[in-house]
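Below you'll find the structure, written out as structure tokens, and then a few comments.
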Amino acid sequence: MMLEVQHLTKRFGGLVAVNDVSFGVEPGAIFSLIGPNGAGKTTLFNVLTGLYRPDAGEVLFKGRRLSHRLPEHIAARGVARTFQNIRLFGAMTVYENVLVGQHAHVRYNYLDAIFRTFRYYRAEKRARVRAHELLDYMELNDRAFELARNLPYGAQRRLEIARALALRPALLLLDEPAAGMNPKETDEIKRLIRRLRDDLQLTILLIEHHMKVVMEISDRVVVLDYGKKIAEGTPGDVRKAPAVIEAYLGKGALEGAA
Amino acid sequence: MTPGWIIALIAAAGAGFGLALIAAPRSAWPLLGVFGALFACLSVRGWKPARFAIALALLLVVIPAAGVQNNFLFELVTQMGIFAAMALGLNIVVGMAGLLDLGYAAFFAVGAYTWAIFGSAQAAQFMSGDFPLAGWPYFYIFSALAVIAAALLGTLIGLPALRLRGDYLAIVTLGLGQVVRVLANNLDQPVNITNGPQGITPIERPPIGWLESLMGALGIDGGPALGYALFFYLLVLAVIGVVVLVNVRLDRSRFGRAWVAIREDEIAARAMGISPTRTKLQAFATGAAFSGVMGAIFSAKQLFVSPESFTLLQSITILAMVILGGMGSIRGAIIGAMAVTLLNIEVLKSFSDFLARLRQTGFVLDLGVVSFNFANLSDQVEPAKYERMIFGIILILMMIFRPSGLIPEARHRLEEGEQTEQMKATPAGKRRAP
Ligand SMILES: Nc1ncnc2c1ncn2[C@@H]1O[C@H](COP(=O)(O)OP(=O)(O)OP(=O)(O)O)[C@@H](O)[C@H]1O
Ligand SMILES: [Mg+2]
């Protein structure tokens, strides 16, 4: 298993945002997390990436315990993410954003930077080349030297993915990458996610509200509702599960539909 | 206008004002012209070697040539340099890393006391040995120690920064800055380390025999006062050079990027593997180090330090320089420091003198509707005393009309050189798996 989530619970005061959730993600899978608004999907991401401490349960990444580690350590281990409400470094250029993403891989010390040693030049050169490769891959190279905050919305979403890829992750968490996009852009994101997995051998954990995207590209889907896992399986299984239909359409929907 | 023309114009203006200043080293207009040309060299873009050459000519030829006739010029530019180094240091903490630090003068104090205690008889109060430490290497060794001491204190004061944000951090650093001053005030008992409120004097200066013989060879005779004025001017210039170089190099490294990333979005930065703890402490230590070295130079230059040299007002003055210049901008910090120092030492004083002269001569300003006789102007109207008020007004105006400062941080322009180089390296559109 690439990622194992075991009995994970996260409370905010009286609210149980994630309630005893368990699942496992195989390497190379596109694994989707769906559920109505407020179901606890983003909270689960925040626990996985160390921003929140779980109240109970464990997270194992490649067999090693991730829970209770600092976000920066988890990132350096190879778990990258994007944010539902885009969080770029707005006053930095597109290119610098991707360089920041490589922080853990650009290795030289303080004195190397001051004296511009061979190590500095070698590491920076590598980082620069890779930054441009990533920007090229995400079709952002022609905007490389614009400030991130000046990019149009769709490009900002792609830049967030480019920045996450710069971390050389094994596991990529995408929080609603197609939110706010038109059908054409959504289609592009869908193909991009597939390409990421195939080209880069990534394992992808995806939160997405566009059902078309989820159903077409997921290998496996987990459905959350009020913090609880209410279904898990292939997209086909999940779509038919009564609990899921009920969660999405409300109680009585099944009878109404029948 | 193309950059070439602008730079030619700056060169011409610099040469004109420079010659005028050398001819009349005591008049204010040529001086302002020379500073204008220096500002311009820093503010315009394009053709770096030419701008660099003009600035160097002004700093190494014009100002020394005028300064040997008028010591005050050295004093003014040395002050500017000292403040510029501090503004650069504070700019790392506040501008780049986004940590509001109101106790910054503390690092300057630590640097100053590091040399003051050992470069005077003071150290004999609490340890045995032959003090003051005179002779050439000591001052330079202790300047280096001042850097280390300030960086250590920076780390220490930085520790609460790890837990606090924004206003809370500002208040804690303000308090810790005061603690350093209070310590300096009270560490005369039980062991007399700082000599308390009386301060420490006289403080040794490094020997400058070499410079005096050089001046003698050039036929300049001004005695040791002029020699030291020139020495400190050159020393501060050299240190500023190093500080700027270090600052620029850190800015364009993983460290500078981490500072700005933490400022822009701490959570996203952590998700990119950046440790906020380490990054913030590095910013605090680096900023403090810049200030520490100038503290040591300041104590030798002034021959005297006391706790009153390191007040909250001073921390705020340096902050004003950073804000005026443009938060996060290296050139902005330098220009902010130059402008505020000039305003403090030169402009307000000249304006006071000007009003005093009008008052004495009984000049009548006749506007038709109203007329005013300057002889009736109150003695209280003394611009030099309004330093804080004028700061306040300038800062308010800046916030309204130019909130990002005279020279705003411009990260996209940093890459001009790289841009072309990289575009060639990766042909656009040739997409492959990275
Ligand atoms: N920091 C927090 N403090 C208190 N409550 C929170 C916090 N973060 C999330 N919550 C609550 O936890 C619940 C789950 O929120 P979460 O953002 O995880 O939902 P989500 O599934 O991502 O929803 P959406 O589809 O709208 O993004 C919500 O009720 C939310 O209000
Ligand atoms: Mg969410």
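Throughout, protein chains are lettered first and strands after them, A, B, ... in sequence-line order, and every chain is numbered starting at 1.
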Most heavy-atom pairs under 4.5 Å with chain B, out of A:Ala76, A:Ala104, A:Gly90, belong to A:Gly90

Quick one: which residues of residues 66-73 of chain A reach chain B at under 4.5 angstrom, heavy atoms only? A:Leu70, A:Pro71, A:Glu72

Indicate the atoms forming the closest heavy-atom contact of [X] with [Y], along with that distance.
| X | Y | value |
| --- | --- | --- |
| A:His103 | B:Ile274 | CG-CG1, 3.5 Å |
| A:Phe83 | B:Ala271 | CZ-CB, 3.9 Å |
| B:Asp265 | A:Phe89 | O-CE2, 3.6 Å |
| B:Gly273 | A:Ala75 | N-CB, 3.5 Å |

What part of A:Asn150 lies closer than 4.5 angstrom to a heavy atom of chain B: side chain, backbone, both or neither? neither

Below 4.5 Å from any heavy atom of chain B, which atoms of A:Tyr110 appear? Answer side chain, backbone, both or neither. both

Quick check: do B:Arg252 and A:Arg116 have side-chain heavy atoms less than 4.5 Å from each other? yes

So with a 6.0 Å cut-off around [atom1] of [X], is the heavy-atom count from everything else above 12?
| X | atom1 | result |
| --- | --- | --- |
| A:Phe12 | CZ | yes |
| A:Asn85 | CG | yes |
| B:Arg278 | CZ | no |
| A:Phe115 | CZ | no |

As an exercise, state the distance from [atom1] of [X] to [atom2] of [Y], rounded to the nearest 0.5 Å.
| X | Y | atom1 | atom2 | result |
| --- | --- | --- | --- | --- |
| B:Arg257 | A:Asn97 | CZ | CG | 11.0 Å |
| A:Ile114 | B:Arg249 | CD1 | CZ | 9.5 Å |
| B:Phe255 | A:Asn109 | CZ | CG | 6.5 Å |
| A:Arg149 | B:Glu264 | CZ | CD | 6.5 Å |

Taking A:Val106's backbone N and O only, do any of them form a donor-acceptor pair with B:Arg254's side chain (distance below 3.5 Å, no angle check)? yes

Who pairs with A:Glu160 by salt bridge (Lys or Arg N to Asp or Glu O under 4.0 Å), at least two apart in sequence or on another chain? A:Arg163

